[in-house]
Amino acid sequence: MNVNEKRHRRRHSVIFKSEAVMACQVPGASVSGVALERQLNANVLRRWIKEAQRKGALVRSEAISSQEKVAAFVPVRITGSKPSGEAQRPIRVQVRKRGLRVTIEWPTTVSGSCAAWLRELLG
């Protein structure tokens with residue numbers, strides 16, 4: 001670069017910034033890799049991510065990737081029981097992946113087989 005030439009700071013649109021930040025939220029994506037693809041400095045992209053987090057525009061990427069990797073079972077304590085005359089509601093499981101949503105209803109009377117199926121699915 002010639003000494004007399006001035007460097008001009010690049011300006012990026014809000015859409016460009018938000019797309020770059022959202023690309024970093026994809027499980028397995030690296031900030032450095034996303035920055036290289038978009039010809040950005042990784043530190044600039046990290047600053048955009050922090051700004052978006054401060055504004056509450058997104059959830060931390062670690063939280064998203066851990067939820068998407070493995071859905072954990074949460075222990076639930078059941079207190080009391082319903083009278084036997086009342087109809088029991090089925091177990092309802094919703095699975096979402098790549099824009100597809102599947103809802104499965106399982107009778108509570110065979111909840112053990114539902115748990116085994118979920119272990120197999122998530123295993």
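Leu36 and Val31 fall into different hydrophobic clusters, defined by Ile, Leu, Val, Met, Phe, Trp and Tyr side-chain heavy atoms under 4.5 Å apart, directly or through other members. Note on Val14 and Phe16: separate hydrophobic clusters, where clusters join Ile, Leu, Val, Met, Phe, Trp and Tyr whose side-chain heavy atoms are under 4.5 Å apart, directly or indirectly. Taken together through direct or relayed side-chain contacts under 4.5 Å among Ile, Leu, Val, Met, Phe, Trp and Tyr, Trp48 and Ile15 form parts of separate hydrophobic clusters.
Residue pairs satisfying the ring-ring contact (aromatic ring centres under 6.0 Å, His included) criterion with at least one member in residues 91-118, sequence neighbours excluded, are listed as follows: Trp106-Trp117. Residue pairs meeting the ring-ring contact (aromatic ring centres under 6.0 Å, His included) criterion with at least one member in residues 22-44, sequence neighbours excluded, do not occur. Legend: salt bridge (charged side-chain N to carboxylate O under 4.0 Å, His left out) pairs involving residues 21-34, not counting sequence neighbours: none detected. A salt bridge (charged side-chain N to carboxylate O under 4.0 Å, His left out) check over residues 24-50, counting only residues at least two apart or in different chains, returns the pairs Arg47-Glu51. Annotation: salt bridge (charged side-chain N to carboxylate O under 4.0 Å, His left out) contacts involving residues 101-110, sequence neighbours excluded, comprise Arg92-Glu105.
Atom OG of Ser32 sits about 11.5 Å away from atom CG of Leu40, to the nearest 0.5 Å. Here the CD1 atom belonging to Ile49 is positioned 13.0 Å from the NZ atom belonging to Lys17, to the nearest 0.5 angstrom.
What you find for Pro107 and Ile91 is that their closest heavy atoms are O-CD1, 4.4 Å. What you find for Gly33 and Ser30 is that their closest heavy atoms are N-OG, 2.9 Å. When all heavy atoms are compared, the tightest approach of Ala20 to Leu45 is CB-CD1, 3.7 Å. The shortest heavy-atom contact between Ala23 and Ala29 is O-CB, 3.4 Å.
Scanning for side-chain hydrogen bond (donor to acceptor under 3.5 Å, both in side chains) contacts around Gln39 gives an empty result, with sequence neighbours left out.
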